[in-house]
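Throughout, a chain's letter reflects where its sequence line sits, starting with A, and its residues are numbered from 1. Note that this is a predicted model, so its numbers are computed, not measured.
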Amino acid sequence: MLQINFIRDNSKTVIDKLKVKNFDATNIVEKIIEVDTKRRETQKRLDNNLSESNDLARQIGQLFKTGKKDEAEKIKEHTTELKKINKELHHQLEQYKNEQEQLLIQLPNIPHESVPRGDSEDDNLVINEVGKTPKPEENALPHWEIASKYNLIDFELGNKITGAGFPLYKEKGAKLQRALISFFIDKAIEAGYIEYQIPLLVNEASAFGTGQLPDKDGQMYHIPLDNLYLIPTSEVPLTNIFRDTILNEEDLPIKCTAYSACFRREAGSYGKDVRGLNRLHQFDKVEIVQVVKPENSYKVLDEMVNYVTELISLLELPYRISKLCGGDLGFAAAMTYDINVFSAVQNKWLEVSSISNFEDFQANRIKLRFKNSHGKNILLHTLNGSALALPRLIAAILENNQTIKGLKIPRALVPYTGFDIIK
RNA sequence: GGAGAGAUGGCAGAGUGGUCGAUUGCGGCGGUCUUGAAAACCGUUGAGGUGUAACAGCCUCCGGGGGUUCGAAUCCCUCUCUCUCCGCCA
């Protein structure tokens with residue numbers, strides 16, 4: 001959520017910058033400023049009246065104590081009148097506040113000035129491409145066929161038990177998953193992230209805090225009986241750890257990580273994209289989150305990108321970093337880098353990580369601040385990134401590493417799998 | 001699922017109608033003392049809004065919402081959440 005003070009003082013900038021996200025904010029901003037003006041006027045009037053009421057109540061108290069009942073009664077008449085007016089003002093004020101809130105949550109975050117214009121994925125800026133994209137052998141198989149050939153993943157059984165998008169991993173496939181999770185968590189801890197095990201269901205306030213609600217309602221699985229949501233990413237519980245918090249400057253930066261299953265309805269997805277492991281309703285992911293002082297957030301964003309690409313290098317996969325254009329940027333993000341790995345047989349780049357700086361957009365929603373040296377409470381910046389999402393990584397590993405002898409396991413993973421080839 | 005208790009400032013924990021934004025303790029910050037530290041002692045110590053060049057000032061906030069009253073943390077209604085015991089269960 002953008003800050004009202006900022007919008008008030010920079011309305012033109014807000015409108016201009018949101019154009020990069022292909023968002024026309026003209027009307028909303030205009031309305032916000034109108035409502036804000038009314039809100040403040042009403043607030044002032046109410047405050048003045050309340051101040052007067054307080055004074056009078058105190059006087060009445062004194063008069064009663066000294067036995068001057070008649071005088072007290074006279075003042076009472078006036079306060080009764082004030083009370084009526086104040087009730088009305090209070091009502092109005094609440095209305096303006098709600099109206100303002102409703103408008104504010106519709107505004108996406110302002111993109112960083114370096115974010116390129118663009119409409120879709122195709123306009124993203126490829127920053128760097130590392131590693132050779134392998135040419136598959138003639139009889140090379142796509143990952144879903146490899147998975148079944150080596151008995152690693154059973155999509156059919158997943159269908160039977162739950163439905164499409166809920167694969168069942170087994171034997172060395174299951175072990176490979178577990179190995180990747182442990183590997184990622186160990187690396188994160190090594191890099192200074194604190195490990196958490198988080199709830200997989202969150203309440204409405206948490207889903208709202210990180211921006212899933214109201215924007216992405218319908219993309220989350222919802223349990224109406226208890227009004228809880230299955231998390232689409234551990235970002236939600238991890239970030240909400242810090243909801244309504246004022247941190248000390250010396251606590252920063254905060255770095256945390258969690259492995260979790262993630263649940264996404266993926267409403268509207270269909271066709272080729274959902275084949276095999278490409279797009280699932282349930283998948284595993286290790287997430288990293290940082291809470292940092294505003295002046296450091298872009299430096300930290302770069303660090304996180306480097307951290308993630310190092311992991312991919314250790315898995316010996318070719319990857320590509322791209323900077324999202326305005327049109328592809330998420331609602332809450334100011335800047336995002338996507339990391340894709342190359343999947344040889346599908347001959348496709350698969351997104352395995354998305355690393356974003358939200359600046360103070362999330363922090364403003366969840367009221368996450370720190371006390372600076374002057375004793376002022378300042379909104380912090382939040383960042384998060386996948387490190388990493390498993391299924392597409394596994395797709396790439398399976399497709400890129402098939403040899404006549406079997407499937408080669410990346411060297412860095414062998415200590416975790418206990419085997420270096422799947423035959 | 002049944003029965004009961006509770007929700008107060010960073011934490012603990014008082015407060016049952018009149019300067020209570022709130023006693024006190026701990027923690028934090030500043031100071032005295034000390035070569036330094038600890039202890040002791042003294043002082044200070046929430047958030048939001050409005051407003052200001054910045055202060056000041058004013059208003060709101062004792063889980064959320066509503067009500068009674070000139071006046072509510074304190075009384076009433078309602079919602080949510082937490083805890084304890086019993087039942088069931090990994």
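Taken from CD1 in A:Ile32 to CG in A:Asp36, the straight-line distance is 9.0 Å, to the nearest 0.5 Å.
Nearest-nucleotide positions on RNA chain B for A:Ile4 and A:Ile60 put A:Ile4 closer to the 5' end.
Among residues at least two apart or in separate chains, salt bridge (Lys or Arg N to Asp or Glu O under 4.0 Å) pairs with a member in residues 74-95 of chain A are A:Glu73-A:Lys76.
A:Lys97 comes within 4.0 angstrom of no nucleic acid atom, judged by non-hydrogen atoms across all strands. Using a 4.0 Å heavy-atom criterion, one finds that A:Lys376 contacts the sugar-phosphate atoms exclusively. Heavy atoms of A:Lys44 sit under 4.0 angstrom from primed sugar atoms or phosphate atoms, though from no base atom. Nucleic acid contact for A:Leu56: none, since no nucleic acid atom lies under 4.0 Å from a heavy atom of the residue. When heavy atoms are screened at a 4.0 angstrom cut-off, A:Lys367 is found touching no nucleic acid atom at all. Note on A:Asn377: only backbone sugar-phosphate atoms sit closer than 4.0 angstrom, heavy atoms only; bases stay farther off. Contacts of A:Ile75 with the nucleic acid, taken as non-hydrogen atoms under 4.0 Å apart, are absent. A:Arg58 comes within contact range of no nucleotide atom at all, as no heavy-atom separation falls under 4.0 Å. No engagement by A:Arg45 is indicated, since no non-hydrogen atom pair under 4.0 Å with the nucleic acid exists. Across all strands, A:Lys87 comes closer than 4.0 Å only to sugar-phosphate atoms, never to a base (heavy-atom distances).
Stem list for RNA chain B (at least 3 consecutive Watson-Crick or G-U pairs, distances under 3.5 Å): B:1-7 with B:80-86, B:10-12 with B:24-26, B:27-32 with B:40-45, B:46-50 with B:57-61, B:63-67 with B:75-79.
A straight line from CG of A:Asn248 to P of B:rG46 spans 14 Å, rounded to a whole angstrom.
Ring-plane geometry between A:Phe331 and A:Phe361 is classed as perpendicular, the angle between the planes exceeding 60 degrees on a 0 to 90 degree scale with a lower cut at 30. Ring pair A:Tyr298/A:His112 is tilted by interplanar angle, where 30° to 60° counts as tilted.
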Please test A:Met304 against A:Val308 for side chain to side chain contact (heavy atoms under 4.5 Å, CB included), starting from the C-alpha separation and ending with a verdict. CA-CA 6 Å; A:Met304 287 171 76; A:Val308 170; 5.6 Å; no
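Looking at A:Asn54, its side chain has no donor and acceptor atom pair within 3.5 Å of the base of B:rG71.
At least one test fails for A:Arg178 against the ring of A:Tyr416: distance under 6.0 Å to the centre or angle within 45° of the axis.
Among the candidates A:Ile246, A:Leu380, A:Asp244, A:Thr245, the single residue satisfying the side-chain contact (heavy atoms from CB on, under 4.5 Å) test with A:Arg369 is A:Ile246.
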